[in-house]
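Letters go in sequence order (proteins before strands), and every chain restarts at 1. Only this structure's heavy atoms are used, side chains among them; waters, hydrogens and symmetry mates stay out.
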Amino acid sequence: MTALAARRLEVRFGRARAVDGVELEIGSGEIVALVGESGCGKTTLARALLGLVKPTAGSVEHLSRPLGYARREMRGFRRRVQLVLQDPTGSLNPRHTVYEAVAEGLRIHGIHDREEERVADALAKAGMRPPERFFLRYPHELSGGQRQRVVIAGALVLEPSVLVADEPVSSLDASVRGEILALLLRLRDQLGLSVLVVTHDLGLAWNIADRVAVMYLGRIVESGATADVLLNPRHPYTKALLSVVPEVSRMAPVVLRGETPDPSRIPAGCRFRPRCPLYASGLPAEVAARCETEPLPVLPAELGHHAACHALTP
Amino acid sequence: MSLLELKGLSVTYAGNVPAVRGVDLSVAPGEVLGIAGESGCGKSTITSAVLRLLPKSAKVGGQVLLDGEDVYGMSFGRLRAMRWAEASIVFQGALHSLNAVQTIGKQIAEPILLHEKVSRQAAERRVGELLEQVGLPARRAKDYPHQLSGGQRQRVMIALALACRPRLVIADEPTTALDVMVQAQVLDLLSGLVRELGLALIMISHDLSVLGAVCDRVAVMYAGQIVEEGPAKDIFDDSRHPYSAALAGAFPRVGDELFRYAPRGLPGDPPYPSDLPSGCAFHPRCPVALDRCAETEVSLADLGEGRSSACLRACEEDLDLRGAS
Ligand SMILES: Nc1ncnc2c1ncn2[C@@H]1O[C@H](COP(=O)(O)OP(=O)(O)OP(=O)(O)O)[C@@H](O)[C@H]1O
Ligand SMILES: Nc1ncnc2c1ncn2[C@@H]1O[C@H](COP(=O)(O)OP(=O)(O)OP(=O)(O)O)[C@@H](O)[C@H]1O
Ligand code: SF4
Ligand code: SF4
Ligand SMILES: [Mg+2]
Ligand SMILES: [Mg+2]
């Protein structure tokens with residue numbers, strides 16, 4: 001059963017095609033990592049999956065049914081699919097206690113029964129034990145890792161089935177990263193939670209994800225089981241990304257020039273061509289011609305290892 | 001001959017906060033030294049101490065020698081000249097500190113005009129050269145900060161640090177806010193500058209994997225002290241201190257089965273400087289601590305082959321520093 005899916009999803013901001021036709025599925029109890037450079041559209045796709053931005057085309061599916069944007073439907077959906085943001089310091093109000101921070105979601109959703117019990121339960125699930133000891137603490141009295149746990153407890157209190165975590169550890173010290181990632185794994189194992197982690201850190205994907213989807217300029221260019229994508233990358237972009245991970249010293253680094261190009265000016269043909277090392281190194285004329293003129297296909301969401309590149313599909 | 005030498009440097013902030021406690025370090029021209037450690041271990045404090053930028057209330061002990069000259073014995077005039085022309089800093093988080101209403105060209109030209117007796121045209125020419133050196137077209141001098149991406153702004157910060165041709169550059173977390181590809185670009189740039197200009201570079205980062213990729217030597221700090229120092233690759237692949245081992249282990253190596261579905265970290269928090277544990281300051285979090293670790297003062301000991309470690313158990317063969325658990 002798919003917990004959450006994007007179907008030919010598009011999000012445009014004026015002329016910018018931030019998300020430009022994406023098929024993606026997050027199975028129930030599955031951890032999927034969405035990776036790619038800054039500006040490639042990861043957060044926009046995540047926000048669309050959360051119902052926070054309405055797609056300009058395509059749709060979001062929740063439990064295999066198209067998501068409706070009417071108020072009542074949204075309300076139920078927002079409980080089931082929760083967001084965890086990057087910077088715990090920014091997402092916690094410094095004047096709210098831990099208890100208030102976690103209870104906020106319940107109050108917004110009009111859930112008034114057993115409040116204290118629910119808050120304690122969520123904190124305990126997030127690894128803050130015994131929870132009562134943390135109720136009256138303020139964010140500045142917590143470590144970075146504990147703050148991020150409070151943010152996660154704030155999401156868990158609504159008993160969601162899906163978590164969307166946007167760079168959940170990138171602002172944390174190396175030493176506390178591990179405990180937060182271990183927590184996400186444990187929540188999946190114990191509660192059967194589905195998780196979409198948005199990140200530019202491939203090591204994180206290797207650490208916890210079952211599947212990886214690589215995004216470039218609004219499209220998924222490669223997807224598959226984590227070991228397939230990260231150990232046998234097929235797309236030249238995935239290969240370049242992997243080669244610059246500092247700890248992967250066995251590959252010669254392919255440092256791509258320039259930064260993610262502008263989504264309001266997506267190149268014709270293959271959108272990666274202006275930076276593609278494979279194209280630059282010289283391809284047979286008929287393949288090169290396709291790189292220049294033929295847009296890449298939208299990859300299917302089905303399981304299996306897929307890559308969108310003309311050099312791979314003669 | 002080292003360009004910068006710290007001898008027993010200590011810094012105590014007002015309120016009896018010993019943020020740096022007896023640090024010895026040196027860096028030579030053409031060399032890249034990395035400093036690693038968790039938030040609050042004293043990395044930026046060292047940076048500020050080198051250029052005498054600490055608040056007046058902070059007490060500084062030991063010596064900072066720049067080309068053999070004691071920075072704390074310099075007159076203010078000499079100090080001002082030294083700050084740009086001999087040593088400069090790419091400050092932590094400076095990405096956001098560029099002046100929003102001035103072109104980047106003007107901002108880079110400012111220290112040149114202030115410190116070198118050159119015409120405005122000559123300064124502008126130099127700005128163009130500097131921008132190209134950091135991989136930006138000279139015409140971007142006319143841009144305002146908001147017209148640049150994060151990676152481009154970090155390049156501008158590096159150009160600014162190079163403005164008066166210093167021989168020592170300290171880069172404090174230069175890639176932390178950047179994504180992998182842009183981070184690789186900035187690291188490439190910095191290594192290139194070291195090679196071409198013979199700079200001495202000190203790279204500060206909490207990310208040991210970044211330092212492992214570009215540094216010649218790395219010093220790992222914990223609670224204001226260096227706990228391990230040695231060739232970058234050794235520190236990352238074959239740590240001789242449980243703390244460095246934990247830091248190195250916190251970065252998953254793609255492809256290494258040990259890390260698959262097994263994120264690792266280091267439980268607990270680093271101590272606050274005014275409330276340090278007795279003995280080895282790391283003992284409350286150390287997975288292989290012995291009883292005597294809480295009682296014995298530990299200091300950096302030479303292990304040979306350019307390596308040193310401050311751990312009572314550093315010399316034990318076959319010790320699994322990550323703990324058996
Ligand atoms: N509200 C908006 N209005 C206009 N453009 C937007 C808006 N939100 C995002 N964009 C643009 O859409 C593109 C994708 O942005 P998005 O934030 O999704 O990227 P990202 O992959 O999450 O990047 P990062 O890793 O830096 O967080 C960018 O070019 C961005 O400038
Ligand atoms: N002006 C100050 N007054 C008092 N204490 C200070 C001052 N500046 C820093 N400290 C303390 O000194 C210690 C070292 O701080 P420093 O900024 O050097 O750490 P850091 O290693 O650079 O950390 P980060 O990785 O977060 O940048 C910290 O405990 C900090 O709270
Ligand atoms: S389609 Fe062509 S340009 Fe695009 S990634 Fe493949 S080889 Fe490179
Ligand atoms: S001295 Fe003891 S507590 Fe300190 S790092 Fe070594 S084994 Fe651990
Ligand atoms: Mg984002
Ligand atoms: Mg710092």
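Rounding to the nearest 0.5 Å gives a distance of 12.5 Å between CZ of B/Arg253 and CG of A/Asn207. From A/Glu179, atom CD reaches atom CZ of B/Arg264 across 15.5 Å, with rounding to the nearest 0.5 Å. The CZ atom of A/Arg177 sits 6.5 Å away from the CG atom of B/Asp207 when rounded to the nearest 0.5 Å.
Considering only heavy-atom pairs separated by less than 4.5 Å from chain B, the leading option among A/Ala227, A/Ala182, A/Gly178, A/Ala240 is A/Gly178.
For A/Leu241, the parts lying under 4.5 angstrom from a heavy atom of chain B are both the backbone and the side chain. For A/Ala205, the part lying under 4.5 angstrom from a heavy atom of chain B is the backbone only. Residue A/Arg188 touches chain B through its side chain alone, counting heavy-atom pairs closer than 4.5 Å.
Contact check for A/Arg275 versus B/Met181: side-chain heavy atoms found under the 4.5 Å cut-off. Looking only at side-chain heavy atoms (C-beta outward), B/Pro252 and A/Leu204 stay at 4.5 Å or farther from each other.
The nearest pair of heavy atoms linking B/Val254 to A/Leu242 is CG1-CD2, 3.9 Å. Closest non-hydrogen pair, B/Gln185 versus A/Val255, comes out as CG-CG1, 3.5 Å.
Neither side chain, B/Tyr261 nor A/Asp189, offers a donor N or O lying under 3.5 Å from an acceptor on the other.
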